[in-house]
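See below for the structure under consideration.
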Amino acid sequence: MALTPESMMEARKSNPVSGVLWMLAAGMMFVGVNALVKSLGTALPSTQAAFLRFSLGLLILIPLVPRLLAMRLAARQWRLIAVRGAVHSVGVALWFYAMARIPIADVTAMNYLSPILITIGAALFLGERLASRRIMAVICGLIGAFIILRPGLREIGPGHLAMLGTATCFAASYMISKRLSDDVDALVIVAMLSITVSIGLLPLALPVWVPPSLGQLGQLFLVAVLATLGHYFMTLAFKAAPMTVTQPVTFLQLVWAVSLGAFVFDEPVDPFVVLGGVLILSSVTFITWREAVLKRRQITPPSVATKV
């Protein structure tokens with residue numbers, strides 16, 4: 001395949017080590033978020049807790065107000081930001097609901113469906129061709145989700161159904177984020193996500209509003225700090241390296257989630273959840289590896305191009 005100027009530029013911009021480190025830092029932030037939200041439980045309605053997390057996060061972004069007011073974005077970028085905010089609002093509300101009702105390991109393992117859904121979405125909406133091996137990997141990931149849910153063998157609660165919705169929404173959000181990160185500053189992307197999600201969650205939170213305590217507000221503010229840093233680090237990872245390089249680092253979150261649930265929240269380790277999670281991770285690993293191979297073929301000069 002001929003080497004194009006665009007692929008050469010992308011190769012020069014790519015920094016895999018930085019991308020992996022940024023994604024690792026993002027994962028640590030999200031583990032802290034999981035622990036704090038799990039300890040909050042059902043004390044507040046899920047939509048209210050989600051709204052407070054994002055609205056309190058706006059306080060962190062006050063220093064960015066002059067920069068946001070001075071930014072100039074194209075109409076297409078504003079549309080992407082608005083759509084991402086709407087989709088992410090639904091996903092976050094469902095995630096808070098699920099986190100309060102099912103084990104952390106279940107939440108984390110099912111959240112790994114997002115890369116599988118990203119692959120499917122790329123084929124359906126971006127016209128990307130799926131080879132037979134990638135189709136088999138997608139099927140393997142879906143089997144992993146089936147093992148976690150085990151319909152007919154155990155009751156599938158609303159928390160698990162909420163996580164299916166969360167994975168779908170987050171997959172769409174990540175695809176839009178990757179598209180935006182190509183030409184929009186990472187801080188702007190994170191700031192606009194907090195603003196649009198706060199707006200999107202407000203009408204869902206008001207009908208079920210419960211007066212929060214100072215302790216709950218402080219806990220959710222810390223969630224906002226860690227989550228905002230996590231999204232910022234994740235956006236930097238997307239900017240530093242292709243998603244196929246950074247995505248496998250998120251697999252460590254399953255190990256941390258199982259350990260956190262077992263040692264902190266006394267949740268039993270479900271071998272079926274671990275097995276299903278491993279299947280999902282294996283399928284995403286294969287998809288990631290194949291994407292990396294194809295990427296190298298695109299950015300490696302053919303033999304004729306290296307001869308003088």
Side-chain angles (χ1 to χ4, degrees), residues 5-30 32-33 50 53-89 91-92 114-115 118 121-122 125-126 169-201 221-247 249-250 291 295 299:
E6 291 78 9
S7 61
M8 291 178 65
M9 184 176 297
E10 187 171 351
R12 285 195 296 268
K13 290 193 303 181
S14 180
N15 189 335
V17 174
S18 294
V20 167
L21 291 176
W22 281 124
M23 189 60 83
L24 183 61
M28 295 301 294
M29 296 300 103
F30 291 137
V33 168
R53 168 262 178 270
F54 275 90
S55 58
L56 290 171
L58 295 178
L59 298 176
I60 308 170
L61 303 174
I62 290 177
L64 294 178
V65 169
R67 187 171 179 177
L68 293 175
L69 293 176
M71 68 181 180
R72 296 292 182 268
L73 299 178
R76 180 186 65 85
Q77 294 165 342
W78 279 115
R79 285 194 296 270
L80 288 175
I81 287 171
V83 171
R84 190 191 182 205
V87 170
H88 210 88
S89 296
V92 168
S114 292
I118 288 172
F125 303 110
L126 302 180
C169 291
F170 284 177
S173 177
Y174 291 157
M175 291 178 69
I176 297 172
S177 176
K178 179 59 178 174
R179 179 69 63 86
L180 283 169
S181 67
D182 292 337
D183 48 18
V184 178
D185 185 80
L187 284 173
V188 172
I189 294 175
V190 173
M192 294 309 300
L193 180 68
S194 293
I195 293 171
T196 54
V197 172
S198 296
I199 295 172
L201 288 172
F221 179 72
L222 185 54
V223 169
V225 172
L226 295 181
T228 300
L229 287 174
H231 280 287
Y232 179 56
F233 293 159
M234 183 180 67
T235 305
L236 289 177
F238 289 162
K239 230 174 164 53
M243 192 181 293
T244 53
V245 175
T246 59
Q247 190 66 52
V249 183
T250 63
E291 290 293 331
K295 199 70 171 178
I299 65 177

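Numbering starts at 1 and runs along the sequence shown.
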Phe170 to Ser114 - nearest heavy-atom pair and separation: CB-OG, 3.9 Å

Please tell me if the side chains of Gln77 and Met71 come closer than 4.5 Å, counting only heavy atoms from C-beta onward. no

Report the distance from atom CG of Leu222 to atom CZ of Arg53, rounding to the nearest 0.5 Å. 11.5 Å

Search all heavy atoms of Gly230 against all heavy atoms of Ala26 and return the closest pair with its distance. O-CB, 3.4 Å

For the NE2 atom of His88 and the CG atom of Leu201, what is their distance to the nearest 0.5 Å? 9.5 Å

Identify the two heavy atoms, one from Ser173 and one from Val87, that lie closest to each other, and give their separation to 0.1 Å. N-CG1, 4.4 Å

When rounded to the nearest 0.5 Å, the distance separating CG of Leu236 from OG of Ser18 is 9.5 Å

Nearest non-hydrogen partners of Ala227 and Val33, listed with the distance: N-CG2, 3.6 Å

For Ile81 and Leu73, run side-chain contact (heavy atoms from CB on, under 4.5 Å): C-alpha distance rounded to whole Å, both residues' side-chain angles, the deciding distance at 0.1 Å, then the answer. CA-CA 10 Å; Ile81 287 171; Leu73 299 178; 3.6 Å; yes

Taken to the nearest 0.5 Å, the spacing of Tyr232 OH from Leu61 CG works out to 11.5 Å

CG of Leu193 to CZ of Phe54: how many Å apart, nearest 0.5 Å? 5.0 Å

Could you check Asp185 against Lys239 for salt bridge (Lys or Arg N to Asp or Glu O under 4.0 Å), going step by step and ending with a plain yes or no? CA-CA 9 Å; Asp185 185 80; Lys239 230 174 164 53; over 6 Å; no

May I ask you to test the Trp78-Met192 pair for a side-chain heavy-atom distance under 4.5 Å? yes

Lys178 side, atom NZ; Ile118 side, atom CD1 - distance, nearest 0.5 Å: 11.0 Å

Check whether any side-chain heavy atom of Met29 lies under 4.5 Å from a side-chain heavy atom of Phe233, and answer yes or no. yes

4.5 Å side-chain heavy-atom contact, Thr196 and Arg84: no

If you define the side chain from C-beta out and look only at heavy atoms, does anything of Val184 sit under 4.5 Å from Leu80? no

side-chain contact (heavy atoms from CB on, under 4.5 Å) evaluation trace for Asp183 with Arg76: CA-CA 12 Å; Asp183 48 18; Arg76 180 186 65 85; 3.3 Å; yes

How far apart are the closest heavy atoms of Ser55 and Ser198, and which atoms are they? N-OG, 3.3 Å

Gly19 and Ala237 have their tightest heavy-atom pair at O-CB, 3.4 Å

